[in-house]
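In what follows, every chain begins at residue 1, and chains take the letters A, B, ... in the order their sequences are listed.
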Amino acid sequence: MPEGVEIEFYRRAAESAVGRTIESVDTPDAWFLKEGATPEAVTAACVGQVIVAARRRGKLLILDLDSGERLGLRFGMTGRLVVDGTAAIAYLEYTTKRSDPKWIRFGLVFNDGGYLVINDPRRLGGVILDPNEDGLGQDVFDVDPATFRSRVLVGDVAVKARLLDQRRIAGVGNLICDETLWRAGIDPARSAGSLSEDEGSKLFETLREVLADFLSDGGSHTGRLHSARVRGGRCPLDGEPLMRREIGGRTTYWCVRHQR
DNA sequence: CTCGACTCCTGTTAGC
DNA sequence: TGCTAACAGGAGTCGA
């Protein structure tokens, strides 16, 4: 599913829209517009505008318009970005590989004939006019050790739930989270504030490493744990049957032998 | 403010 | 063969 890494790929694809003028807006699914936005309002805000930047904060992709208004794009679990006919990423976990035109939820048409489209079978994504970016924590690609420690490694909540909390740091999804905890050897159910100095540093460094690997390998499904994240899966490190339980509201796989 | 439980969405798949 | 129920997870809401 799209996590911070995938949205970064989407952002890079959206950079090709920078400098282009929006001629029209396609809103086949008004439900996909969030936080009170209407087809009329989004159309009025976009038509005639030049996209001046494509930014990302966590899993939110932001298109800045030259009017100063901003278009926020969310992709939920199954949303894909298509720019000028080319999908921003080829593979997305947990969704169909097909691409059906009826799943197009939103589109921008440029005056040069090109276009930018969100295709989202399960409709968990959305488009927001002038989204609130301040509710999101520091982006996971930029987060510094001190912020990580003060925002994530605190309290009695499971460290997994902390990592997934977008208000604390933004961009970690379920697969990045499980892979990081697995590589760092930390039990996802441990309370976030219980990690030692060394464990906290290890977790931070491992997160950076996982992000770099996923970026270079093509997405959050490329982890070493990933193929074992199934019922009956075994730890790729030591062969121990993996535990499977919901933590932080998400299905979690981990190894009780080396994650402590 | 914090935090867990619940809800939304629908294509796919396991099982009867 | 055809049906149903379970499953996937990002994110918002609600009540304690």
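For the pair A:D120 CG and B:dG11 P, the interatomic distance rounds to 11 Å; values are reported in whole Å. Here the P atom of nucleotide C:dA11 and the CG atom of A:L60 are 8 Å apart, to the nearest Å. For the pair A:D156 CG and B:dT2 C1', the computed distance is 11 Å after rounding to whole Å. Between the P atom of C:dT13 and the CD atom of A:Q166 lies a distance of 15 Å, rounded to the nearest Å. Spacing between atom CH2 of A:W31 and atom P of B:dT10 amounts to 7 Å, rounded to whole angstrom units. Spacing between atom CG of A:L33 and atom P of B:dC8 amounts to 20 Å, rounded to whole angstrom units. Atom CG of A:D100 is separated from atom P of B:dT10 by 13 Å (rounded to the nearest Å). Between the CG atom of A:N132 and the P atom of C:dG12 there is a distance of 10 Å, rounded to whole Å.
The nucleotide whose nearest atom lies closest to any side-chain atom of A:R244 is, among B:dT2, C:dC7, B:dC9, C:dC7. Comparing C:dG10, C:dC7, B:dG11 by their nearest atom to the side chain of A:P121 picks out B:dG11. The side chain of A:R123 lies closest to B:dC9 when the candidates are B:dG11, B:dC9, C:dA11. Nearest to the side-chain atoms of A:V157 among the listed nucleotides C:dA11, B:dG4, C:dA8 stands B:dG4.
Not one side-chain nitrogen or oxygen of A:R167 sits closer than 4.0 Å to the OP1 or OP2 atom of B:dC1.
A:E179 and A:L225 make their closest contact through OE1-N, 2.9 Å (heavy atoms, listed as atom of the first residue, atom of the second, distance). The nearest pair of heavy atoms linking A:L242 to A:A228 is CD1-O, 3.3 Å.
No contact: A:R105 has no heavy atom under 4.0 Å from any strand. Residue-level contact check: A:K34 touches neither bases nor backbone, having no heavy atom under 4.0 Å from any strand. At a threshold of 4.0 angstrom between heavy atoms, the contacts of A:R168 are confined to the sugar-phosphate backbone, with no base atom among them.
Put simply, the side chain of A:R122 and the base of C:dA8 share a donor and an acceptor less than 3.5 Å apart. Judged by distance alone with a 3.5 Å cut-off, a donor-acceptor contact links the side chain of A:R250 to the base of C:dA11.
The 5' end of DNA chain B is approached more closely, in terms of each residue's nearest nucleotide, by A:A161 than by the other of A:A161 and A:K102.
Of the charged side-chain nitrogens involved, none lies within less than 4.0 Å of a carboxylate oxygen, so that A:R208 and A:E205 do not count as a salt-bridged pair.
Of the residues A:K160, A:R250, A:R183, A:H226, the one that meets the side-chain hydrogen bond (donor to acceptor under 3.5 Å, both in side chains) test with A:D178 is A:K160.
Side-chain contact annotation: A:T78 with A:R123, donor-acceptor N/O pair under 3.5 Å absent.
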